[in-house]
**Student:** 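Below you will find the structure I want to go over with you.
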Amino acid sequence: MSTTTTQTTSKNELVKWINETFKLTITQLETLGTGSTFCQIFEYLYPNTIQGNKIIWKANKENDYIKNFKTLADAFTKLNIQKQLDIQSLSKAKYQDILDLAQFLKQKFDKQTEKRENYDPIEFRKVEERKVFTPTNRKTLSTLKDKTNNENTTTSTHSLLVKRPLSKTSSWKTTKPTLTKTPELSSITEIINNTEDDEATKVKKIKTLFI
């Protein structure tokens with residue numbers, strides 16, 4: 001545990017500062033044991049030193065807490081900030097370690113001459129919720145699109161084809177149309193006008209003309 005800072009900001013003041021500046025609603029400093037808020041505070045103080053997508057915002061296990069504090073420790077190292085972080089104690093939300101780090105960052109904040117006026121802490125945290133396509137993801141997406149297009153093409157092709165089941169012995173045959181004899185109109189008229197025949201006889205005679 002580090003005790004290098006002499007800042008004595010109280011717990012309540014720290015909680016208020018964090019809630020007001022970063023639009024949070026924490027009630028206990030131990031909540032900072034996930035490491036994500038500390039990463040955001042540091043990024044506020046030193047813009048672009050920690051990328052939002054490197055932070056595990058919804059960390060809910062110690063492994064994730066440790067990763068967040070390692071990300072923070074790497075940022076400290078890159079900027080050559082002389083502050084030793086006890087990652088194990090911080091990830092276990094040890095009160096004194098959390099208090100010490102919070103006071104240290106608050107001291108940096110108070111010394112900052114220019115505040116980030118257009119800074120949106122909520123928007124910064126939303127990075128995990130966005131769908132950010134890496135080159136690998138874009139390739140996967142492209143593959144899925146190609147697959148979908150292929151499936152659509154296949155379906156479309158099949159929908160245009162009508163398959164007729166054929167038996168083993170069946171084959172395609174061309175059937176010749178049946179030719180029907182066309183009688184002379186005068187012959188039909190003659191039968192109809194014949195007064196000696198009854199209706200049934202007339203019908204029979206007309207039928208014979210078509211054979």
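Source: prediction; values computed, not measured.
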**Student:** For the atom pair CG (L105) and CD1 (I81), what is the distance rounded to the nearest 0.5 Å?
**Tutor:** 8.5 Å
**Student:** For K70, check side chain to side chain contact (heavy atoms under 4.5 Å, CB included) against everything at least two apart and list the hits.
**Tutor:** I66, I87
**Student:** Quick one: list whatever passes side chain to side chain contact (heavy atoms under 4.5 Å, CB included) with K23, sequence neighbours left out.
**Tutor:** P121, I122, R125
**Student:** Looking at every non-hydrogen atom in both residues, tell me the closest pair between I26 and T31 and how far apart they are.
**Tutor:** CG2-CG2, 3.9 Å
**Student:** Going from CG on L24 to CH2 on W17, what distance comes out if it is rounded to the nearest 0.5 angstrom?
**Tutor:** 11.0 Å
**Student:** Answer yes if the side chains of E13 and S10 hold a donor-acceptor pair under 3.5 Å, and no otherwise.
**Tutor:** yes
**Student:** Could you walk me through whether F124 and W57 pass the side chain to side chain contact (heavy atoms under 4.5 Å, CB included) test, one step at a time?
**Tutor:** CA-CA 10 Å; F124 183 77; W57 295 102; 3.5 Å; yes
**Student:** Take atom NZ of K11 as the centre, draw a 6.0 Å sphere, and report whether it contains more than 12 heavy atoms from other residues, nucleotides or ligands.
**Tutor:** yes
**Student:** Could you give me the CA-CA distance, side-chain angles and deciding distance for D64 and T34, then say whether side chain to side chain contact (heavy atoms under 4.5 Å, CB included) is met?
**Tutor:** CA-CA 7 Å; D64 293 338; T34 63; over 6 Å; no
**Student:** The test is ring-ring contact (aromatic ring centres under 6.0 Å, His included); show your working for F38 and F42 and say whether it passes.
**Tutor:** CA-CA 6 Å; F38 277 129; F42 190 88; over 10 Å; no
**Student:** Under the criterion side chain to side chain contact (heavy atoms under 4.5 Å, CB included), I'd like the reasoning laid out for K16 against E20: C-alpha separation, chi angles, the key distance, then a yes or no.
**Tutor:** CA-CA 6 Å; K16 183 181 179 182; E20 290 180 352; 2.9 Å; yes
**Student:** Tell me yes or no: between the side chains of K94 and Q88, is some donor less than 3.5 Å from an acceptor?
**Tutor:** no
**Student:** Considering residues at least two apart in sequence or located in another chain, which fulfil the side-chain hydrogen bond (donor to acceptor under 3.5 Å, both in side chains) criterion with K54?
**Tutor:** none
**Student:** Does K205 come within less than 4.0 Å of E190, counting only side-chain N to carboxylate O?
**Tutor:** no
**Student:** Check for me, please, whether L101 and Y65 land in the same ILVMFWY cluster - side-chain distances under 4.5 Å, paths through other members count.
**Tutor:** no
**Student:** Find the distance between CG (L85) and CZ (F104) and round it off to the nearest 0.5 Å.
**Tutor:** 8.5 Å
**Student:** Determine whether more than 12 heavy atoms belonging to other residues, nucleotides or ligands lie under 6.0 Å from atom NZ of K115.
**Tutor:** yes
**Student:** Is it true that T71 and N68 share a donor-acceptor pair across their side chains at a distance under 3.5 Å?
**Tutor:** no
**Student:** Using the test side-chain hydrogen bond (donor to acceptor under 3.5 Å, both in side chains), find all partners of K78 that sit at least two apart in sequence or belong to another chain.
**Tutor:** none
**Student:** Kindly compute the distance separating SG (C39) from CD1 (I56), expressed to the nearest 0.5 Å.
**Tutor:** 9.5 Å
**Student:** Roughly how far, to the nearest 0.5 Å, is the CD atom of Q82 from the OG1 atom of T77?
**Tutor:** 9.0 Å
**Student:** Measuring from L14:CG to N12:CG, what's the distance to the nearest 0.5 Å?
**Tutor:** 9.0 Å
**Student:** Could you tell me which non-hydrogen atom of G33 sits nearest to which non-hydrogen atom of A93, and how far apart they are?
**Tutor:** CA-CB, 4.2 Å
**Student:** So which atom in I50 and which in E43 form the shortest heavy-atom distance, rounded to 0.1 Å?
**Tutor:** O-CG, 3.2 Å
**Student:** Sequence neighbours left out, what passes ring-ring contact (aromatic ring centres under 6.0 Å, His included) with Y44? Give chain and number order.
**Tutor:** F22, F109, Y119
**Student:** Check whether I191 and V203 end up in the same hydrophobic cluster, where Ile, Leu, Val, Met, Phe, Trp and Tyr are linked by side-chain heavy atoms less than 4.5 Å apart.
**Tutor:** no
**Student:** L32 and F69: which non-hydrogen atoms are nearest, and at how many Å?
**Tutor:** O-CZ, 3.7 Å
**Student:** For K92, give me all partners under salt bridge (Lys or Arg N to Asp or Glu O under 4.0 Å), at least two apart in sequence or on another chain.
**Tutor:** E62
